[in-house]
Amino acid sequence: MAETSPARKPLPARLDAVIVGAGFGGLYMLHRLRGLGLSARILEAADGVGGTWYWNRYPGARCDVESMQYSFSFDEALQQDWHWSERFAAQPEILRYANHVADRYDLRRDIHFETRVASARYDEAADRWTVATEAGEVVSARFCIMATGCLSAARLPDIPGIASFGGETYHTGYWPHRKVDFSGKRVAVIGTGSSAIQAIPVIAAEAAQVTVFQRTPNFSIPSRNAPMDAEYEAWWKSDYPAKRRQARLMRTGILYDINPQSAIEVDEATRSAEYERRWANGGTAFMGAYHDLILNKASNDTAAEFVRNKIRSIVKDPETAEALAPKDHPIGTKRICVDTDYYETYNRPNVALVNLRKTPIETITETGIRTSDGTREFDVIVFATGFDAMTGALLKVDFAGRGGRRLSAEWEHGPRSYLGLMVAGFPNMFMITGPGSPSVLSNMIVSVEQHVDWITGLLGHMQDRGLARVEATEQAQEAWVRHGMEVAEKTLYPSAASWYMGANIPGKPRVFMPYIGGVGAYRETCDTIAAEGYRGFALA
Ligand code: N01
């Protein structure tokens with residue numbers, strides 16, 4: 001199995017389709033396009049496949065969707081053959097899986113690695129996209145399919161002096177391909193999102209000192225990760241297709257038990273027992289304790305307070321515990337985190353928390369970080385500061401659609417799309433798990449498969465009828481954007497300053513970007529639209 005690319009090869013001048021990105025979305029799209037007999041190539045910036053799992057190699061990186069579910073379902077032989085070693089797979093194992101998929105379906109011969117797309121222009125007369133790479137290569141394709149991921153544009157914060165630091169610096173989302181040695185070092189970690197929460201316990205076990213700079217605490221649930229239980233694996237594999245079908249209809253594309261009751265309908269003893277049971281089981285299924293946790297603030301408060309009390313009971317220093325206990329957003333409205341020994345790590349003598357709400361960072365210096373209460377010296381700074389989510393990677397490409405319309409201008413006030421699949425004015429350009437689709441609120445592989453299958457169905461429909469162009473209509477897009485906002489407003493999500501809302505990027509429009517109507521409902525909508533002859537799309 002090759003983990004790195006063969007030598008770069010020249011791009012063909014003309015193709016049926018260009019796919020941007022060799023993560024799970026791009027790999028499966030290529031496989032399906034081959035099935036339609038289309039000529040397609042993936043253009044990938046990295047020198048290997050895997051997308052998120054190629055870049056995010058920080059210590060402790062692991063998926064928080066269970067392995068038995070975070071995997072492709074399109075091939076029964078693949079899902080039967082592959083064995084996951086843990087309940088929640090770690091990054092190296094998921095990357096091995098992505099490489100296995102690339103090899104198993106012989107995908108590599110149609111992937112151009114180390115090839116970053118710079119621009120894409122639509123030629124109306126020819127119904128073709130001209131896609132140019134940063135190296136100046138150009139390819140003409142009928143279809144341009146963006147499989148660039150939702151969390152792939154890593155972001156460094158605008159902290160003064162950031163370039164002056166003389167020690168080692170790392171961003172969790174661009175981690176080097178070698179082991180970073182923390183032993184004996186004084187390490188600063190900036191950020192306390194999912195990436196930091198996974199990395200901090202592992203770094204703390206190795207480094208001399210770890211100082212965590214926290215602006216906003218997050219809710220985290222223990223993963224209870226463990227080696228794969230053979231019986232559990234066998235149970236999944238005994239009827240994988242039926243279980244996958246059920247998962248596809250769930251709110252998040254993950255098969256788990258969602259309690260249909262309201263948290264405030266039951267008495268406190270019942271509620272506590274349910275939260276305790278889910279805390280002991282581990283993982284994001286905690287949020288399924290009551291169906292209305294993301295809908296009703298009073299219900300949400302009960303779960304949030306339960307987790308705050310857990311933090312207070314685990315973390316021995318009361319001031320640190322209180323600083324770690326989130327109070328500024330309902331639980332689940334910022335992406336819930338899943339950890340292994342995160343809160344316990346603050347009981348280690350070599351770990352300290354700096355509460356930036358009390359003592360903000362003033363500057364990064366040559367040797368450390370200065371906050372309002374003084375300077376601390378470090379050998380290493382780890383930036384776990386997140387991503388320009390959902391739109392970042394798409395807008396890095398200079399897209400010009402019909403009449404030269406720029407995607408950046410169309411999305412000036414927030415992303416607008418029809419179903420998160422297409423943008424009006426950009427014919428024959430598709431997004432896999434784009435803004436306006438459930439994407440980051442779901443099991444990404446389930447959503448990737450649904451989008452790829454749906455796009456394949458549409459392209460097959462066009463092939464059968466000799467059609468050259470498909471475009472979302474302005475009216476359908478407008479209605480979808482309005483519907484997306486209405487559904488979001490019924491939940492507690494918009495109340496949090498989250499990256500779902502674009503709130504982590506100064507100046508980014510505050511719009512709830514993913515579709516929160518649920519993976520199952522969304523799938524049914526997409527299927528109905530297709531069955532009605534692709535309602536809301538203009539085909540020619
Ligand atoms: O990024 P984040 P992430 N000064 O944006 C802080 C997925 N994921 O890479 O909240 C100080 O969540 C920022 O503070 P604040 C998952 O969907 C999945 O951790 O803006 N701090 C925040 O604490 C996740 O949600 C998995 O106040 C600054 C942190 O940096 C998403 O990726 C694992 C700052 C960024 O947190 C992103 O997670 C990992 C500044 N100037 C990630 N700027 C799994 O499946 C930012 N921060 C397990």
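Read the numbers this way: they start at 1 and go in the same order the structure lists the ligands and their atoms.
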If the contact criterion is a heavy-atom separation under 4.0 Å, does [X] count as touching ligand 1?
X	value
W499	yes
L356	yes
V338	no
T192	yes

Counting each atom of ligand 1 from 1 as listed, which ones have a heavy atom of [X] under 4.0 Å away?
X	answer
Y58	33 (C), 39 (C)
G191	6 (C), 23 (O), 29 (C), 30 (O)
K334	10 (O)
I190	11 (C), 21 (N)
S195	3 (P), 9 (O), 19 (O), 38 (O), 39 (C), 42 (C)
D64	44 (C), 45 (O), 48 (C)
G386	1 (O), 5 (O), 9 (O), 35 (C)

Salt-bridge criterion met for [X] and [Y] (N-O under 4.0 Å):
X	Y	answer
R186	D379	yes
D64	R335	yes
D181	R178	no

Query raised in the report: Do the non-hydrogen side-chain atoms of Y58 and S195 ever get within less than 4.5 Å of each other?
Result: yes

Report summary line: CD of E322 to CG of L324, rounded to nearest 0.5 Å, is 9.5 Å

